[in-house]
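To start, the structure under review is shown below, and the notes come after it.
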Amino acid sequence: MSLSTARSFLSEAGYGEQELDANSALMELDKGLRSGKLGEQCEAVVLFPKLFQKYPFPILINSAFLKLADIFRLGNNFLRLCVLKVTQQSEKHLEKILNVDEFVKRVFSVIHSNDPVARAITLRMLGSLATIIPERKNAHHSVHQSLDSHDNVEVEAAIFASACFSAQSKDFAAGICNKISEMIQGLDTPVDLKLKLIPMLQHMHHNASLASSSRELLQQLVTSYPSTPMVIVTLHTFTQLAASSLIDIPKQLQLLLQYLKEDPRKAVKRLAIQDLKLLAKKAPHLWNRENTQTLCECALSSPYNSLKLGMLSVLSTLSGTIAIKQYFNPGTGGASAPPRLTDLVKLVQECCYHSNLAVAAHGVTVLANIAISCPEKDMMQLEQDTVMGLESLLVLCSQDDSPRAQATLKTALTSLVQLLKSRPHLSQSAVEFLLCQLHLARDPSRVLMCHALAAIATQLPVLGEGMLGDLVDLYRVASHSSTDKQQELLVSLATVVFVASQSSLSAEVKTVIKQQLENVANGWTVYCIARQASRMGCHEFSSELYQSLRTRVASEHFYFWLNSLKEFSQAEQCLNGLEDGDYSAAMTAIAEALRSYQKGIASLTAASTPLSPLSYQCDFVKLRIDTLQGLSQLICTCNSLKTSPPPAIATTIALTSGNELQRCGRIAMQMRVSMDEFRSLAARYADLYQSSFDADSATLRNVELQQQSCLLVSHVIEALILDPHSASFQDYGTLGSVQTESEYERRMMSVFNHVLEEVEGLSRKHPPVSYLHTGCLCDAVIALLKVPLSFQRYFFQKLQSTSIKLALSPSPRTPTEPIPVQNNQQLTLKVEGVVQHGSTPGLFRKIQSVCLNVSSTLQSKTGGPEYKIPLDSNTNEIEQRVEPHNDYFSTQFLLNFSILGSHMVNVEASVVDESGIEWKTGPKTTVSVKSLEDPYAQQLRHNQQQQQQAQQARPETAPAPQRSSVYARFQ
């Protein structure tokens, strides 16, 4: 009963459970550990990793590991093995153990057992704990002793532990190195044991002398033991050591190439190729021309396709790096040969037409990278050879459905797109070839070709119109069944059609797509196509598709989501028919769009759930609504020049007040309000950008473009009306030179440049404010609205998920109860946090550090002594950066609460990525603190008050009896 309760708790997805629930689960697991049945004990042990994943904070993990240590100490070998597996699975949580000494003490007690298996498990356990006990001398000593054991299981465990400690401890590596050398060189050591000892030498990289002595030993072993297993293990250890120590990589390259060239054994050659690829990824800049040339010669002379494939894989890795430039431009020492005459080009030209598809794929990849990186003057013939090689490979692979052929096709198409990006003049013929092949290819190949065509059309929009006819013809006959590949083909073809149409779908194209969707498409396919239409700005078509999908979903939240998308598409469709100069029609269109947007935001709010709050979508739409309202208000303000022109005495008022803006009348103040509003909108877009850590680059660029459009409008208002003399256009002069990645971005940048040119020309010719100025402003608004808005991927799909969970200590017993602290002491606030990831962590950007900001505000002040307290001690404002390790971070803050009363402490987390950019991801946590007066000071104050009251009371009551007694003496 208890284990089933814990299992049901730990099987639930998601985070956010209360600490009480986690403690309850731990208690249930503890009952299982104390059970008399071995099966229940083992089941309880193996559930601990799920508990750690569910609640990854030190206070629980420490308690759990201490319980596991007790089971390890008292249980049998099978239970110990289960605890060992749990420890190895939970390696990232080991550093959260608070009582390391106690934990290790309980585990280490088993090392003195008479059972060699128990000792072996203990050694492996100690090795698994090497990250938290790297310098424990008793553990080092036990590992040393166990290497001399006569039991093979214990020796293998000691070797494992030695490797773990050597990787973590410089002292242990230096102390064990001689022992390992003696065992390897000893004649009484079996060969199979030597093969297990040799890989330990890869960890001897902590200093130069240690690495040098290990390298000398490995060199002796390669010479002394020429058997295949020994050479393979020794060479690989050689490579790992060189990659870690860095200084010996050139020597290792020469050694591996020597074995590749001279050793006749295929297994050794294969190992050499594998290690060469590792070094090509690790340090491509250390490959000189001679290394690459030797590799090419080996590939040219090799009769084995498998080895040739491996060597071409190394060359493919090198061809995308600086090594390819070093090959063709050796620098000092001899003139470089023409590229077409080199062995590398001869090799890859030969391989482009190889019968093995993988060899051919690497051949065209290398050839394309050469064509991209080398100077254009030598490339005319090489470009043609590259295109011919790519086309022949595409023809071959497009007729084959096998996974290998599809992987080769994807590689070839990727190389083709990269080549066309660098050499645009080859694009026309390449597009014609792909369109021709689309009619002949199999469905899986068509999907990949459509992706390539979409990428090419995005890079060169001028080619899109020429594609459209063939694509529509193909769409008519594209699908005859409802298989997965057919559905994917419908989406891919529709995407290319949208890109080629550039946001303006003809009635014929819509009819063709709808007909196919009605015949064979399922609901998900229709949704994917509608989503792509929204991304490409085809809002009328997407609105119709969303409309058809609303009643085909099984959830109320999905219905509201689709309904909101339909309303947003209709809103943007209202803005598509705008014409230059028709300002009243623009006002009407914006009003219609705002009506649809308000309906959409209501549906979007209804679609949100606690697990999917849709916060980015709501913020983006609210900003779009406010932007449209601001643009509408700006057109009204411009029209007010006609309805409320400046008074006749405006010039006199301007001269009297010295404010030139008074010459323009009331429109000047309205324009200033409008300018401030657009600057505020730009700041809100910047906040949205900063809070979208998990967004893809296209989505972030879209938000940035919205921000730039708001800044542009505010700048135009300032340049035309408010301050034409000091407005500068130099900061905006480089907009046209920015490399654009999408059609939407290209059109927005074109509008930006056009508006700036118009404004700059007008501001120089005419003083403000005239109908020319207001007309220019309205034209700029219409030009911005005419570009169809693009709803990017992050609006629909979240590919990366990153969140931070904070825990504060001390924490109150109940959420409403404040933490008491004396005003003459400082509160130590410990902040712990865990970074939680989705299925694809670090897809777009990774967390470098976490920035924690702690501030406190006085909520209410209680009675007490009035001291003069320095201003800096009244408030707390502290910021600290901490780097997470294994997704965990911890730091402490000292807070001062010298003013008596209730304080609210706010802790806010933000993340810093690898580029140093700070992202406002949250979360924000608050805790209440009550500052109390020190009891000793309070007692002293009470005593002083009583003394003061007594002194004030004596002059009024005590003297009267004294006078009466004196008078009575004289009577």
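Quick caveat, the model's predicted, so the values are computed rather than measured.
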Could you tell me the separation between the [atom1] atom of [X] and the [atom2] atom of [Y], rounded to the nearest 0.5 Å?
| X | Y | atom1 | atom2 | value |
| --- | --- | --- | --- | --- |
| Asp101 | Ile133 | CG | CD1 | 10.0 Å |
| Lys31 | Met27 | NZ | CE | 6.0 Å |
| Thr87 | His93 | OG1 | NE2 | 12.0 Å |
| Leu68 | Met125 | CG | CE | 7.5 Å |
| Leu295 | Asn291 | CG | CG | 9.0 Å |
| Leu147 | Ser162 | CG | OG | 4.5 Å |

Quiz item: In chain order, what residues pass the side chain to side chain contact (heavy atoms under 4.5 Å, CB included) check against Pro226, with sequence neighbours excluded?
Solution: none
Quiz item: Taking only residues at least two apart or on different chains, which pairs with a member in residues 259-309 satisfy ring pair (Phe, Tyr, Trp, His ring centres under 6.0 Å)?
Solution: none
Quiz prompt | Qualifying ring pair (Phe, Tyr, Trp, His ring centres under 6.0 Å) pairs with a residue from residues 174-207, counting only residues at least two apart or across chains | solution = none
Quiz item: Are the aromatic rings of Phe52 and Phe65 close, with centres under 6.0 Å apart?
Solution: yes
Check whether any side-chain heavy atom of [X] lies under 4.5 Å from a side-chain heavy atom of [Y], and answer yes or no.
| X | Y | result |
| --- | --- | --- |
| Ile59 | Leu98 | no |
| Glu832 | Pro58 | yes |
| Leu51 | Leu47 | no |
| Leu278 | Gln240 | yes |
| Pro199 | Val233 | yes |
| Leu257 | Cys298 | no |
| Pro56 | Lys96 | yes |
| Thr342 | Lys346 | no |

Any chance the side chains of [X] and [Y] put a donor and an acceptor closer than 3.5 Å?
| X | Y | answer |
| --- | --- | --- |
| Ser35 | Gln41 | no |
| Asp115 | Ser113 | no |
| Gln254 | Glu290 | no |
| Glu883 | Ser849 | no |
| Asp343 | Gln293 | yes |
| Gln202 | Thr237 | no |
| Asn207 | Ser209 | yes |
| Thr294 | Lys261 | no |

Should the heavy atoms of other residues, nucleotides or ligands under 6.0 Å from [atom1] of [X] be counted, would the total exceed 12?
| X | atom1 | result |
| --- | --- | --- |
| Glu297 | CD | yes |
| Arg404 | CZ | no |
| Lys85 | NZ | no |

Taking ring pair (Phe, Tyr, Trp, His ring centres under 6.0 Å) as the definition, give me every residue that meets it alongside [X], ordered by chain and number, with sequence neighbours left out.
| X | result |
| --- | --- |
| His112 | Phe108 |
| Phe889 | none |
| Phe57 | Tyr55 |
| His140 | Phe165, Phe172 |

With a 4.0 Å cut-off on N to O distance, would you call [X] and [Y] a salt bridge?
| X | Y | answer |
| --- | --- | --- |
| Arg73 | Asp70 | yes |
| Glu914 | Arg845 | no |
| Asp192 | Lys196 | no |
| Asp887 | Lys92 | yes |

Got a list of side-chain donor-acceptor pairs under 3.5 Å for residues 354-361, not counting sequence neighbours?
{"unit_1": "His354", "atom_1": "ND1", "unit_2": "Asn356", "atom_2": "N", "d": "3.0"}
{"unit_1": "His354", "atom_1": "NE2", "unit_2": "Asn305", "atom_2": "OD1", "d": "3.2"}
{"unit_1": "Asn356", "atom_1": "OD1", "unit_2": "Ala358", "atom_2": "N", "d": "3.0"}
{"unit_1": "Asn356", "atom_1": "OD1", "unit_2": "Val359", "atom_2": "N", "d": "3.4"}

Least distance between heavy atoms, [X] atom then [Y] atom:
| X | Y | answer |
| --- | --- | --- |
| Leu210 | Ala173 | CD2-CB, 4.0 Å |
| Ile249 | Ala283 | CD1-CB, 3.9 Å |
| Ile121 | Asn77 | CD1-O, 3.6 Å |
| Pro229 | Leu195 | O-CD2, 3.8 Å |
| Pro134 | Ser169 | O-CB, 3.2 Å |
| Arg80 | Ala118 | NH1-CB, 3.7 Å |

Exercise. Test Ser149 against Asp151 for side-chain hydrogen bond (donor to acceptor under 3.5 Å, both in side chains), laying out the working first.
Key: CA-CA 5 Å; Ser149 173; Asp151 186 86; 5.5 Å; no
Quiz item: Which pairs with one or both residues in residues 116-125 pass side chain to side chain donor-acceptor pair (under 3.5 Å), sequence neighbours excluded?
Solution: Arg119-Glu154
Exercise. Please report the C-alpha distance between Glu350 and Lys308 in whole Å, then the side-chain angles of each, then the deciding distance to 0.1 Å, and finally whether the salt bridge (Lys or Arg N to Asp or Glu O under 4.0 Å) criterion is met.
Key: CA-CA 12 Å; Glu350 173 190 315; Lys308 183 171 288 190; 3.5 Å; yes
Practice problem: Mind running side-chain hydrogen bond (donor to acceptor under 3.5 Å, both in side chains) on Ser313 and Lys277 for me, showing each step along the way? | Solution: CA-CA 7 Å; Ser313 175; Lys277 187 164 186 178; 2.5 Å; yes
Practice problem: Verify side-chain hydrogen bond (donor to acceptor under 3.5 Å, both in side chains) between Lys194 and Tyr225, making sure each step is shown before the conclusion. | Solution: CA-CA 11 Å; Lys194 290 183 180 182; Tyr225 297 91; 2.9 Å; yes
Anything under 3.5 Å between a donor and an acceptor, one on a side chain of residues 267-274, the other on a protein residue two or more places apart or in another chain? List them.
{"unit_1": "Lys269", "atom_1": "NZ", "unit_2": "Leu260", "atom_2": "O", "d": "2.5"}
{"unit_1": "Lys269", "atom_1": "NZ", "unit_2": "Asp263", "atom_2": "O", "d": "3.1"}

Self-check item: Pairs touching residues 245-255 that satisfy salt bridge (Lys or Arg N to Asp or Glu O under 4.0 Å), sequence neighbours left out
Solution: none
Quiz item: Got a sec, which pairs hit salt bridge (Lys or Arg N to Asp or Glu O under 4.0 Å) with one end in residues 209-228, sequence neighbours left out?
Solution: none
